[in-house]
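Each remark here refers to the structure printed beneath this line.
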2 protein chains.
Amino acid sequence: MPELSPRSAKPRVLIVEDEAPLSTMLRYNLEKQGFRVEEAADGQEALLRINEAVPDIVLLDWMLPNLSGIEVCRQIRRGSATRDLPVIMVTARTDEQDAVRGLNTGADDYITKPFNIEALLARMRALLRRAGGSASKGRREFHDVVMDLATHRVYRNGRGVHLGPTEFRLLDFLLQHPRRVFSREELLDAVWGTDIHVEPRTVDVHIRRLRKAINEAGEIDLVRTVRAAGYALDTESH
Amino acid sequence: MPELSPRSAKPRVLIVEDEAPLSTMLRYNLEKQGFRVEEAADGQEALLRINEAVPDIVLLDWMLPNLSGIEVCRQIRRGSATRDLPVIMVTARTDEQDAVRGLNTGADDYITKPFNIEALLARMRALLRRAGGSASKGRREFHDVVMDLATHRVYRNGRGVHLGPTEFRLLDFLLQHPRRVFSREELLDAVWGTDIHVEPRTVDVHIRRLRKAINEAGEIDLVRTVRAAGYALDTESH
DNA sequence: ATTGATGTCACAAAACCTTCATAAAACGGC
DNA sequence: GCCGTTTTATGAAGGTTTTGTGACATCAAT
């Protein structure tokens, strides 16, 4: 089974729309799709809500009372906390120009009314996927182990190391909290997920495979076993 | 294995370093990675060599005889032909301040001794990618694959290969982000578009067609499968 | 009508997980 | 140290998931 969001359960979407019927329709559909929905009826309210708590994505109507969608978008791009916030512009005009201008003001995507709810969902998912990916992507290191998230590669002391998906996630997690000890249960929650059922001892097996993969003859064992407590990434075994 | 210079096959790197052992070690590793290596033992020699022939990237030690690394960097930034030349500063001091000062003098990145060779390589690649991206247009390359956007043609190792429209766009996208792993969903978003509905497994089929087209007997497979993650353009499959 | 391209499916082939049984190691009390 | 107990390491087996592949129906352009 593929997993979706390693971060939070429900993505939060802010709908900025002054036409109540449309807004209601959207809320209904988005909630059915597992979004947590918030609403704002004009530009000012939108910025207020965003500053209170940054949502995962914003649906922004083009024409708004008080502050136009374009202006709201500009403001969003200005703030450092909201610079990468995905914004989808919703516009009634079909003119290409408008759409382009929307993009130039910083919207990540746009859609014209009337729109297909499926199309909207597809774009939202795409943006969320992109944003989520780029945020956590980078590189992790510990001692002489390097993990490159973007290329999905792991190196020990320069030499490339092959890991299975689970070992990869396991190491990924451990690399995020070096030296800290985690119980088998904690590891299961973090690496496998909370709602699956797997024997705690299964962790042992994956730890072993991880060890086998990253430790070569002459190298120190980077995985520390802490009896009656769990495992940790560490340079000193005992 | 890795390389990416859009200009020539082998990117040329100039190592400016007065400690011979380090310099030798770097030469060995970088040549193994497909770089053409040149060396300079002090700041003056560095500038001389750069003026002779501008390399693709410079590894610049902080502490140097004759002319400090900072000064060399300043000079590099001064010249019109070398203004955009990527420079990585190598320093023994860990102080953040030094690093920052290094960046202020115009270095594009820095790394502190002792450093992991993989980390260095990653940064070099990133810089080369950035530099290359802005300069070249209309043509993409990776390993021995060349794509000419203008003529819509693709070559592997000189020989022309035929791709269907979808395979072409797929390869085009992958070429824009070499080595990076993309999930089936991401590929669908980027290559097919967000609105359409296509089974994720369809990506497999097109990956296969792409493989069949660009890989000939005796040639390495340039498409890497990353189980449970997706696909990437890479020179090492495993 | 013929060709070429595309999206799906079903089945084969790998790669991978989980579990279990057994060996090995660590610990506690004496 | 010695012994019994608890905890971890390890190897193998069997089942599951993921990917590779060939075939096919559809559709558009020629």
Side-chain angles (χ1 to χ4, degrees), chain A residues 1-4 122 152-154 161-173 181-193 195-215 217 221-234 236-238, chain B residues 152 154 161-173 181-215 217 221-232 234 236-238:
Chain A
M1 250 248 171
E3 15 84 70
L4 312 169
H152 246 257
R153 281 187 188 282
V154 175
V161 167
H162 177 78
L163 299 179
T166 306
E167 283 78 56
F168 188 90
R169 291 201 309 276
L170 178 57
L171 177 60
D172 182 24
F173 176 70
V181 179
F182 294 97
S183 69
R184 287 170 235 276
E185 281 73 16
E186 288 177 303
L187 290 174
L188 283 177
D189 284 349
V191 177
W192 275 256
D195 29 46
I196 48 91
H197 173 65
V198 175
E199 294 295 317
R201 297 307 307 279
T202 300
V203 174
D204 297 29
V205 179
H206 286 278
I207 286 283
R208 172 166 69 80
R209 294 209 258 256
L210 177 58
R211 278 184 167 136
K212 200 178 248 173
I214 67 173
N215 299 328
D221 182 6
L222 288 178
V223 181
R224 176 159 82 111
T225 301
V226 183
R227 184 165 240 255
Y231 299 96
L233 209 59
D234 213 324
E236 275 176 304
S237 306
H238 254 252
Chain B
H152 230 255
V154 176
V161 298
H162 175 77
L163 297 180
T166 308
E167 283 77 53
F168 187 89
R169 290 201 310 277
L170 177 57
L171 178 60
D172 182 26
F173 177 71
V181 177
F182 295 96
S183 69
R184 291 176 175 71
E185 283 74 16
E186 288 176 304
L187 290 174
L188 284 176
D189 288 347
V191 177
W192 276 258
T194 47
D195 298 348
I196 51 85
H197 174 66
V198 175
E199 293 296 317
R201 292 300 309 280
T202 299
V203 174
D204 296 31
V205 177
H206 285 275
I207 285 283
R208 167 164 135 276
R209 289 174 183 155
L210 176 59
R211 276 184 167 136
K212 203 178 247 173
I214 67 173
N215 299 328
D221 182 6
L222 288 179
V223 181
R224 173 161 82 116
T225 302
V226 182
R227 186 165 244 253
Y231 298 97
D234 213 324
E236 265 181 315
S237 310
H238 246 258

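Just so you know, these numbers come straight off a predicted model, no measurement behind them. Residue numbering restarts at 1 for every chain, and letters A, B, ... go by the order of the sequence lines.
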Please determine whether a side-chain nitrogen or oxygen atom of [X] lies at a distance below 4.0 Å from atom OP1 or OP2 of [N].
X: B/Tyr231; N: D/dG20; answer: yes
X: B/Thr225; N: D/dG20; answer: yes
X: A/Arg211; N: D/dT10; answer: no

Would you say B/Arg224 and A/Arg153 make side-chain contact, with heavy atoms under 4.5 Å?
yes

Does the side chain of B/Glu167 reach to within under 4.5 Å of the side chain of B/Asp172, using non-hydrogen atoms?
no

Under-3.5 Å N/O pairs linking protein and nucleotides 16-20 of chain C:
residue	atom	partner	partner atom	Å
C/dC16	OP1	A/His162	NE2	3.2
C/dC16	O4'	B/Arg227	NH1	3.3
C/dC17	OP1	A/Pro165	N	3.4
C/dC17	OP1	A/Thr166	N	2.6
C/dC17	OP1	A/Thr166	OG1	2.5
C/dC17	O5'	A/Thr166	OG1	3.1
C/dT18	OP1	A/Trp192	NE1	2.9
C/dT18	OP2	A/Trp192	NE1	3.0
C/dT18	OP2	A/His206	NE2	2.8
C/dT19	OP2	A/Glu199	N	2.7
C/dT19	OP2	A/Thr202	OG1	2.8

Over how many whole Å does the gap from [X] atom [atom1] to [N] atom [atom2] extend?
X: B/Asp204; N: C/dC9; atom1: CG; atom2: P; value: 13 Å
X: A/Asp221; N: C/dA25; atom1: CG; atom2: C1'; value: 15 Å
X: B/Ile207; N: C/dT8; atom1: CD1; atom2: P; value: 16 Å
X: A/Phe168; N: C/dA15; atom1: CZ; atom2: C1'; value: 17 Å
X: A/Lys212; N: D/dA9; atom1: NZ; atom2: P; value: 13 Å

Which residues pass the salt bridge (Lys or Arg N to Asp or Glu O under 4.0 Å) test with B/Arg209, sequence neighbours left out?
none

Spell out, as yes or no, whether a donor-acceptor pair under 3.5 Å connects the side chain of A/Arg169 to the backbone of A/Trp192.
no

Is there a donor-acceptor pair closer than 3.5 Å between any side-chain N or O of B/Arg184 and the backbone N or O of B/Arg201?
no

For A/Tyr231, give me all partners under ring-ring contact (aromatic ring centres under 6.0 Å, His included), at least two apart in sequence or on another chain.
none

